[in-house]
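Below is one structure, written out as structure tokens; comments come after it.
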Amino acid sequence: MDGFGCVILAAGKGTRFFSDTPKVLHDLHGKPVLQHVLDTAKSAGFVRPVVVIGHRSGEVERFLEGQAAVPVVQRMQLGTGDAVKAAKRQLSKYRDIAVLYGDVPLVKKETLRSLVSSHKASGASCTVLTVDMEDPSGYGRIVRGRFGGNVEAIVEEKEAAAEEKKIREINVGLYCFDRGDLFSAIKKIRRSKIKKEYYLTDAVAILISEGKRVRAFKTGDPDESIGMNSRSDLANAYSIISRRKSAELNKGSVTVLDPSTTFISQDAKIGRDTVIYPFTVIEKGVTVGKRCSIGPFCRLRPGTVIGDGAEVGNFVEIVRTKVGEGAKAKHLTYLGDAVVGRGANIGCGTITANYDGRKKSGTVIGDKAFIGSGTVLVAPVKVGGGAITGAGSVVLKNKNVPAHKVAVGVPARILSKSKNKKGKR
Ligand code: UD1
Ligand code: CA
């Protein structure tokens, strides 16, 4: 990306979010909306994007700390044209600039890359990413010359005439500009009639009036182009990401039976021939092995690693836990901060009581242990390999159950006889 700079606009208020948290910091599948945009910029080759911040800038700046990004403050939120102007100095070393909006998180890196290549190849003054939307309301419309010809202007919904509102081709909020042309056009932008803002989109008509070449680069996927203007946009984005992930898994070696009720984080890793049943949530950073059965109604939270051939059934929640190969937790169970051995059976209603009100502690369950229904394991505690706990027992903290022993009752006591090899007492 030699000579190509990148600026991300993230200073706006997000009025339609009615939130105390800056809009761009709202969570979308385990990471803030703005992080999605930063990740896309970085994977398209922009090493240190400039990020324009303003509304609650302290919080956004803290979020950017430690990231390869250059924050720039826009003092007053006077519009997207003014926001780019605020970054003029930080962008001065580049020949061309990609402008991204911090509230448009689903654009694929391939799309950004193609836009940049097309801009470079054409040598245009400005290349705008556009898409046809079923329902274009709220977006800037792309006004073309007669017979679908060249782009003439971008008209914001609030300022659009009735005829213009019918246009379905919209401005995604992603552009490449020749830097010199961009800043000379920005100087000429006037406040809009209705919103009284300096619209970056007005730079398009200004450049054209000066004989510069502006091109539209159209993508085919309206899903990647939605802006996060309200919480319902965020909800829509959440299910789009989930659907993308499920579709990707179903195209490969994992079965996701009901993508419409299954929510799997983009970065979750799931092994071959695993089947995911409906109403399952698999969060950030989870790893599931091969040939597993997951769900229905199951939630795997961060830090979960499920071994090959394990079965995790309905109403099971697992967090920061490693479940060994072939282990089973099939019903109504909470496993937190635990290590479950290979082939262990976690009975219905088992709870690892990992939090004592002050700190969290771990539970270790050995290979082939058999945890009876309704057992509460008060952490820190260990149940040895091949050991058994009786139904309804409460194993108190540090009262470890030795391997192959049987613990029963409340509080659990260890029976003197070990179980025999077949697992029977
Ligand atoms: C904008 C576009 C519209 C496009 C849509 C795509 C303009 C004028 N309009 O409309 O054509 O279809 O995005 O989603 O650009 N921001 C600042 N400083 C400001 C104002 C905004 O940094 O003073 C940032 C916001 O944080 C946001 C982005 O710019 O990330 C876009 O602003 P927003 O107000 O959401 O514009 P839209 O009305 O959605
Ligand atoms: Ca927006």
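In each ligand, atom 1 is the first atom listed, and ligand 1 is the first ligand listed. Owing to the predicted nature of the structure, the values given are computational and were not obtained by experimental measurement. Note that the numbering runs from 1 along the sequence shown for the chain.
Closest protein heavy atom to atom 18 (N) of ligand 1: Gln74 OE1, 2.7 Å. Counting protein heavy atoms only, atom 22 (O) of ligand 1 is closest to Ala11 N, 2.9 Å. Summary of contacts: the protein heavy atom closest to atom 30 (O) of ligand 1 is Leu9 O, 2.9 Å. Asp103 OD2, 4.4 Å is the protein heavy atom nearest to atom 33 (P) of ligand 1. For atom 39 (O) of ligand 1, the nearest protein heavy atom (residue, atom name, distance) is Asn229 OD1, 3.5 Å. Scanning the protein heavy atoms around atom 26 (O) of ligand 1, the nearest turns out to be Gly12 N, 2.8 Å. Nearest protein neighbour of atom 31 (C) of ligand 1, counting heavy atoms only, is Tyr101 CD1, 3.6 Å. Protein heavy atom in closest approach to atom 12 (O) of ligand 1: Asn171 O, 2.6 Å.
Taking a 4.0 Å cut-off on heavy atoms, Gly54 fails to register as neighbouring ligand 1. Contact annotation: Asp82 has no heavy atom less than 4.0 Å from any atom of ligand 1.
Annotation: Glu156 places an N or O atom under 3.5 Å from an N or O atom of ligand 1; distance criterion only. Considering backbone and side-chain N/O of Ile154, none are found under 3.5 Å from N/O of ligand 1. The shortest N/O to N/O separation between Ile170 and ligand 1 does not fall below 3.5 Å. Considering backbone and side-chain N/O atoms, Thr80 comes within less than 3.5 Å of an N/O atom of ligand 1. Polar contact check, Val24 against ligand 1: no nitrogen or oxygen pair lies under 3.5 Å apart.
Not one N, O or S atom of Tyr101 sits under 3.0 Å from the Ca ion (ligand 2).
In terms of modelled atom types and a separation under 3.5 Å, the side chain of Ser293 and the main chain of Val275 share no donor-acceptor contact. Panel note: side chain Gln67, backbone Leu64; no donor-acceptor pair is recorded below 3.5 Å. Tyr101 places no side-chain N or O within donor-acceptor distance of the main-chain N or O of Val37, the cut-off being under 3.5 Å. Under the 3.5 Å distance criterion, the side-chain polar atoms of Ser393 are left unmatched by any main-chain donor or acceptor of Val395.
Residue-level proximity to ligand 1 for His55 is absent, since no heavy atom of it falls below 4.0 angstrom. When non-hydrogen atoms are compared, ligand 1 lies under 4.0 Å from neither the backbone nor the side chain of Glu197.
Less than 6.0 angstrom separates the ring centroid of His26 from the ring centroid of Phe17.
Closest to atom 23 (O) of ligand 1 by heavy atom, among Ala203, Gly140, Gly79, Pro105, is Gly79.
The Ca ion (ligand 2) sits nearest to atom OD2 when only the N, O or S atoms of Asp103 are considered.
Considering only heavy atoms from C-beta on, Val256 stays 4.5 Å or farther from Thr280 through its side chain. Counting heavy atoms from C-beta outward, Arg299 and Ile318 have side chains that stay 4.5 Å or more apart. Residues Val50 and Ile8 are not in side-chain contact: their nearest non-hydrogen atoms beyond the backbone lie 4.5 Å or more apart.
A salt bridge does not link Asp223 to Arg244: none of the charged side-chain nitrogens sits closer than 4.0 Å to a carboxylate oxygen.
Nearest heavy atom pair, residue Lys108 against residue Glu224, reads N-OE1, 2.8 Å.
Remark: ligand 1 atoms within the under-4.0 Å shell around heavy atoms of Gln77 are 23 (O). Under a 4.0 Å criterion applied to the non-hydrogen atoms of Leu78, ligand 1 contributes the atoms 23 (O). Listed by number with element, the atoms of ligand 1 under 4.0 angstrom from any heavy atom of Val172 are 6 (C), 14 (O). Those atoms of ligand 1 that come under 4.0 Å of a heavy atom in Tyr199, given as number and element, are 8 (C). Ligand 1 places these atoms under 4.0 Å from at least one heavy atom of Ala83: 17 (C), 18 (N), 22 (O). Those atoms of ligand 1 with a heavy atom of Lys23 less than 4.0 angstrom away are 35 (O). Near Val104, with a cut-off below 4.0 Å to any heavy atom, the atoms of ligand 1 are 14 (O).
Taken from CD1 in Ile294 to OG1 in Thr255, the straight-line distance is 12.5 Å, to the nearest 0.5 Å. In this structure, NZ on Lys284 lies 12.5 Å from NE2 on His29, to the nearest 0.5 angstrom. Annotation: the span from Leu112 atom CG to Cys6 atom SG amounts to 7.0 Å, rounded to 0.5 Å.
Looking at Asp27, Leu28, Val104 one by one, the single match for side chain to side chain contact (heavy atoms under 4.5 Å, CB included) with Val33 turns out to be Leu28. Among the candidates Lys120, Arg95, Arg179, the single residue satisfying the side chain to side chain contact (heavy atoms under 4.5 Å, CB included) test with Phe4 is Lys120.
Glu197 and Gln77 share no donor-acceptor pair across their side chains, judged by distance under 3.5 Å alone.
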